[in-house]
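Start at 1 and go down the list; that is how both ligands and their atoms are numbered.
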Amino acid sequence: MTKPIIIVHGGAGNWSRHKHARALNGVRQAAQNGFSIIQESGCAIDAVEKAIVTLEDNPIFNAGTGSTMNLAGKIENDASIMDGTKLESGAVALVDGIKNPIKLARLIMEKTDHVLLAGKTPRILANEFELEKANLKTSDRLSTWRREKQAFEKGRSRDFERNSALRASGVLREIADTVGALALDAHGRIAAGASTGGMTLKLPGRIGDTAVIGAGVYADNRLGAATATGIGELAIRMVLSKSACDLMQSNTPQAASARVIRTANERVGQGLGIITLDRKGRYGAAHSTQNLCWAKLDSKGSLEGMIGQRIV
Ligand code: SD4
């Protein structure tokens, strides 16, 4: 029997001081809810789903309720889940109005022959399986979006250089708050999941790492699990989560986390975070953003914080 553990994150990014307490409460609560599921049903995938639902329902995080908006002012959610026992996975991209996109990702994993769906079918599935609908826009997120859009229109943005060129202007984005969770249960099963509104002012139709298995999420009972946060394009190019899992064959999760972030810095740039968990229940967290909001819980107790190991 292995010792169960859950680790969750609420996003890599700036995390201004006045949000710290609420964000840390949020990740702690998600870890508790997920851990109680491992204790009840004993199943890592259920724990991951529960933790992510808790984070999606908390408007401080950029997932589910409180998701950020694209350049057109619309929400387009990505989410994915992976079961490390048979390497089964499900992902959804570009959905709006579904209260818990992680549940849709799980439906895709369990009820279809596909891994990633976007477009009309996810909505049909959500209706068919009676997933709850919700308006996910919050006034907080709307005012951030308006502020950033204004800066964008004034050409005061540093990011998305090619998009800016397309609009002959700059595009700003807030890279905080995507959510992710990793769990190991007493039977040695490992699971991972993630959910996001993506990056503020992303182009409509843009899909980030959170919907891409191997980049945003990976879980394999033989290796461990990882989930990424930050600039999705960088995570996709680095196949960040799978790379971290491969490194855990011969490194601790902390060393694997630090190494993939350091390599990403060298090869594609800064702006990423990752949490990891191995099959022995050891965990790690690293980031090149200002902060990474995370929490872990096991039978020894909880720990949470705004930083893992910062790799500059
Ligand atoms: C994305 N990786 O869509 C997500 C954004 C994110 O913390 O993680 N923000 O690129």
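- In this structure, Glu233 does not count as a contact residue of ligand 1, since none of its heavy atoms falls inside 4.0 Å of the ligand.
- Leu117 and Leu131 fall within a single hydrophobic cluster, where Ile, Leu, Val, Met, Phe, Trp and Tyr side chains are chained together by heavy-atom contacts under 4.5 Å.
- The pair Glu132-Lys103 does not meet the salt-bridge criterion, since no charged nitrogen lies less than 4.0 angstrom from a carboxylate oxygen.
- Comparing heavy-atom distances from atom 5 (C) of ligand 1 across Thr227, Ile236, Thr178, Thr200 singles out Thr178 as nearest.
- When only modelled atom types and interatomic distance are considered, Thr229 and Thr178 share no side-chain donor-acceptor pair under 3.5 Å.
- In Ala12, the part holding a heavy atom less than 4.0 Å from any atom of ligand 1 is the backbone.
- Where the criterion is an N or O separation shorter than 3.5 Å, residue side chain and backbone included, Gly198 fails it with respect to ligand 1.
- Asn127 has its side chain within reach of Lys133: a pair of non-hydrogen atoms, C-beta onward, lies under 4.5 Å apart.
- The Thr229 neighbourhood of ligand 1 comprises atoms 6 (C), 7 (O), 8 (O), 9 (N), with distances under 4.0 Å to a heavy atom of that residue.
- We find that Asp96 and Lys137 are not joined by a salt bridge, their nearest charged nitrogen and carboxylate oxygen being 4.0 Å or further apart.
- Applying the salt bridge (Lys or Arg N to Asp or Glu O under 4.0 Å) test to pairs two or more places apart or on separate chains, those with a residue in residues 246-265 are Lys242-Asp246.
- Side-chain atoms of Asp298 come within 3.5 Å of backbone N or O of Gly301 as a donor-acceptor pair.
- Within ligand 1, the atoms closer than 4.0 Å to a non-hydrogen atom of Asp209 are 1 (C), 2 (N), 4 (C), 10 (O), numbered from 1 in the order shown.
- Residue His287 does not touch ligand 1, judged by heavy-atom distances below 4.0 Å.
- By the side-chain contact (heavy atoms from CB on, under 4.5 Å) test, Arg279 pairs with Ile190, sequence neighbours left out.
- Under a 4.0 Å criterion applied to the non-hydrogen atoms of Met199, ligand 1 contributes the atoms 10 (O).
- Backbone and side-chain nitrogen or oxygen atoms of Asn62 are examined, and none is located within less than 3.5 angstrom of a nitrogen or oxygen of ligand 1.
- Heavy-atom separations between Gly13 and ligand 1 are all 4.0 Å or longer.
- At least one N or O atom of Gly230 sits closer than 3.5 Å to an N or O atom of ligand 1.
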